[in-house]
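Keep in mind it's a predicted model, so treat the numbers as computed, not measured.
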Amino acid sequence: MMRQDVVHKNISPKVISNKQQLKEVYKTEATFARLKELAKKGISPSALTNYLYNPISFYKQKVLKIKEFDDVEETVAFNTLGTVVHETLDELYTPFVNQFLSVANIKQMQKEAKDLVTKHFELQFKNGDLTKGKNRLIFEVANRFVTNFLTKEKELLEDDKNQLKIIATEENLAAEIEIEGLDFKVKLHGQVDRVDELNGVLRIIDYKTGMVTGGNLRVPEFEYLRDEKHLKAIQVLLYTYLFTKGKNYDFSKPLEAGIYSFKNLNSGFLPIDFALPRRKAETKITQEKLDEFIEEIKIYIKEIYSSKIDFLEPADLRY
C-alpha cells in the first residue's frame with residue numbers, strides 16, 4: 001500500500017525548547033514520479049541550492065509546485081528589483097555581444113539606463129505607480145544599481161590597458177549528467193547573466209542584487225561546499241560547468257567565474273577562489289576542478305532521489 005505524502009512533526013516541542021517544531025516529508029511513489037519529471041525538465045542552480053538550504057522548501061516548490069513566501073510583499077518587491085536590474089543590463093549589453101566595449105559605448109548606455117529601468121519596472125508592475133511608496137523605492141534602488149555598475153565599467157575601460165569583450169548575456173545553458181545508482185539522466189539547466197573576456201580571461205558572471213563578499217566565494221575544499229555561506233559559489237560553478245560543457249571549452253585558455261554584488265560594487269568582480277586560508281588567491285578554473293565539483297553535486301542530487309532520505313527541515317530554520 002502506497003503511503004500518502006504527509007508532513008510529520010518528528011520532534012516534540014517540549015524537547016526543542018523555544019524553537020518551532022521541525023518537519024519531515026516522507027517520499028512516496030507520487031513524489032518520485034514528480035522528481036523524475038523534474039530530472040527530465042531540468043534542475044536549476046537556484047533549485048539545487050534551495051534544496052541544500054531547506055529541503056522542505058524545495059519539496060513545496062518543485063514537488064507540490066507551490067510558490068511560498070514568508071512575507072509576500074517584501075519577497076515580491078525584492079524579486080522585482082532583481083528582475084528589473086537583470087533585464088535592464090541584458091538590454092543594454094545585448095547589442096555589443098561579440099564586440100569589445102569602449103568608454104563611448106558605456107556613456108551611451110548611461111544615457112539610456114533610466115528609461116530602460118522605467119520600461120522594465122512597468123513590465124513587472126503594469127499598473128504600478130512609480131511615484132509613490134514602495135514602488136518608488138524599488139525604482140530608485142534599481143536605477144542606482146544600474147547607474148553605479150555602469151560607472152564602474154566606464155572606470156575600468158578608461159584604463160587603456162583593459163580590454164573588455166562581451167561574449168554572451170542571459171544565455172540559456174543545459175547539460176545532462178549520469179549519476180551512479182540512478183537509471184535515468186538528470187538535466188541541469190540555467191541562465192547565465194553574463195559571459196565576457198577581460199584582458200584575455202574568460203569570465204562567467206552572476207549578478208546579485210543582494211550582499212555578497214569574497215568569503216562567500218572562497219571554496220578551498222569541496223567537501224564543505226554545502227555550507228550555507230557557499231551556496232552562491234555553487235550556483236556560479238554550476239553555470240561554469242554548463243557553459244564549458246556546452247561549448248566544449250578549451251581549458252588551455254584562462255577561465256574564471258564569480259559575482260558582481262550590487263550592494264558591494266566597490267569590491268568589483270568577486271571571483272571563485274580555491275586557495276587555502278592565508279594562501280595566495282587561486283582563481284583559475286581548470287577541468288580537474290570542475291570535475292571534482294560536479295562529483296560533489298552528484299552526491300547532493302543523489303540525496304534528492306534517495307528513497308532512504310526524506311525531506312527534512314533544517315534544525316536552525318525557524319518558522
Side-chain angles (χ1 to χ4, degrees), residues 35-53 58 61-62 82-83 86-87 89-90 93-94 97-98 165-180 182 184-198 201-208 212 216-217 219 222 225-226 230-261 269-274 283-305:
L35 288 173
K36 286 193 75 171
E37 290 176 13
L38 182 63
K40 187 175 182 180
K41 182 180 178 181
I43 298 174
S44 68
S46 59
L48 181 60
T49 54
N50 187 28
Y51 167 76
L52 295 174
Y53 179 68
F58 173 89
Q61 292 183 22
K62 296 303 179 182
T83 300
H86 280 72
E87 294 296 328
L89 291 175
D90 179 36
Y93 281 89
T94 293
V97 169
N98 292 323
K165 183 178 182 180
I166 302 300
I167 306 299
T169 179
E170 300 296 341
E171 181 170 352
N172 291 312
L173 306 170
E176 289 185 327
I177 60 173
E178 294 183 353
I179 300 176
E180 186 180 354
L182 299 185
F184 52 88
K185 293 181 179 179
V186 175
K187 180 181 178 181
L188 300 174
H189 73 109
Q191 189 176 66
V192 63
D193 291 333
R194 168 167 155 176
V195 181
D196 68 23
E197 183 183 295
L198 178 62
V201 178
L202 194 79
R203 303 190 303 175
I204 309 296
I205 295 171
D206 195 19
Y207 298 137
K208 294 294 186 188
V212 183
N216 297 126
L217 300 173
V219 285
F222 285 134
L225 193 61
R226 71 186 303 154
H230 294 318
L231 295 185
K232 293 179 177 63
I234 289 176
Q235 292 183 6
V236 178
L237 285 169
L238 271 173
Y239 291 132
T240 306
Y241 171 80
L242 293 174
F243 182 85
T244 57
K245 187 88 170 175
K247 306 293 183 182
N248 195 23
Y249 188 73
D250 178 2
F251 282 90
S252 67
K253 300 176 182 178
L255 173 66
E256 293 183 351
I259 286 174
Y260 274 112
S261 167
F269 176 65
L270 301 168
I272 297 287
D273 184 0
F274 302 108
T283 59
K284 182 180 179 181
I285 296 177
T286 63
Q287 177 75 71
E288 292 73 24
K289 283 291 184 186
L290 280 183
D291 288 345
E292 185 182 352
F293 164 74
I294 207 65
E295 288 305 312
E296 191 69 22
I297 294 300
K298 288 180 181 180
I299 293 173
Y300 308 154
I301 295 175
K302 202 169 181 179
E303 280 183 21
I304 295 174
Y305 289 90

Before you tell me yes or no, could you show the steps for I204 and L173 under side chain to side chain contact (heavy atoms under 4.5 Å, CB included), namely the whole-Å CA-CA distance, both residues' side-chain angles and the distance that decides it to 0.1 Å? CA-CA 12 Å; I204 309 296; L173 306 170; over 6 Å; no

After noting the C-alpha distance and the side-chain angles of F274 and T283, does the key distance pass the side chain to side chain contact (heavy atoms under 4.5 Å, CB included) rule? CA-CA 6 Å; F274 302 108; T283 59; over 6 Å; no

Begin with the C-alpha distance, continue with both residues' side-chain angles, and end with the deciding distance and a verdict on side chain to side chain contact (heavy atoms under 4.5 Å, CB included) for L48 and I304. CA-CA 9 Å; L48 181 60; I304 295 174; 4.2 Å; yes

Could you go step by step and tell me if I43 and V186 meet the side chain to side chain contact (heavy atoms under 4.5 Å, CB included) rule? CA-CA 8 Å; I43 298 174; V186 175; 3.9 Å; yes

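Side-chain atoms of K302 come within 3.5 Å of backbone N or O of E180 as a donor-acceptor pair. Panel note: side chain K185, backbone A39; no donor-acceptor pair is recorded below 3.5 Å.
For the atom pair CD (Q61) and CG (N50), the distance works out to 5.0 Å, reported to the nearest 0.5 Å. Rounding to the nearest 0.5 angstrom, the gap separating the CG atom in L217 from the CD1 atom in I272 is 4.5 Å. One distance of note links NZ of K232 with CG of L270; it measures 11.5 Å at 0.5 Å rounding.
Taking Y305 as the reference, F184 meet the ring pair (Phe, Tyr, Trp, His ring centres under 6.0 Å) condition, with sequence neighbours excluded. When the salt bridge (Lys or Arg N to Asp or Glu O under 4.0 Å) test is applied to E37, the partners found at least two apart in sequence or on another chain are R34. In this view, Y260 and F149, F269 satisfy the ring pair (Phe, Tyr, Trp, His ring centres under 6.0 Å) rule, not counting sequence neighbours. Listed by chain and residue number, H86, D90, Q191, D193 satisfy the side-chain contact (heavy atoms from CB on, under 4.5 Å) test with E170 (two or more places apart in sequence, or in another chain). Legend: residues meeting salt bridge (Lys or Arg N to Asp or Glu O under 4.0 Å) with D196, ordered by chain and number and at least two apart, are R194, R203. K165 pairs by the salt bridge (Lys or Arg N to Asp or Glu O under 4.0 Å) definition with nothing, not counting sequence neighbours. With sequence neighbours excluded, no residue forms a side-chain hydrogen bond (donor to acceptor under 3.5 Å, both in side chains) with H230. Y51 pairs by the ring pair (Phe, Tyr, Trp, His ring centres under 6.0 Å) definition with F58, not counting sequence neighbours. With sequence neighbours excluded, no residue satisfies salt bridge (Lys or Arg N to Asp or Glu O under 4.0 Å) with K284. In this structure, Y249 has no side-chain hydrogen bond (donor to acceptor under 3.5 Å, both in side chains) partners at least two apart in sequence or on a different chain.
Residue K187 comes nearest to A174 through the heavy atom pair CE-CB, 3.8 Å, listed as atom of the first residue, atom of the second, then distance. The two residues I167 and N98 have their closest heavy-atom pair at O-OD1, 4.0 Å. The minimum heavy-atom distance linking P45 with G190 is given by the pair CD-CA, 4.1 Å. Here the shortest heavy-atom pairing between F251 and Q287 reads CE1-OE1, 3.1 Å.
At a threshold of 4.5 Å between non-hydrogen side-chain atoms, the residues T169 and L89 do not count as touching. Contact check for K298 versus I301: no side-chain heavy atoms found under the 4.5 Å cut-off.
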Which donor-acceptor pairs under 3.5 Å do side chains of residues 236-244 form with protein atoms, sequence neighbours excluded?
from	atom 1	to	atom 2	distance (Å)
T240	OG1	V236	O	2.8
T244	OG1	T240	O	3.0
T244	OG1	Y241	O	3.0

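The stretch residues 244-260 participates, sequence neighbours left out, in these salt bridge (charged side-chain N to carboxylate O under 4.0 Å, His left out) pairs: E171-K247.
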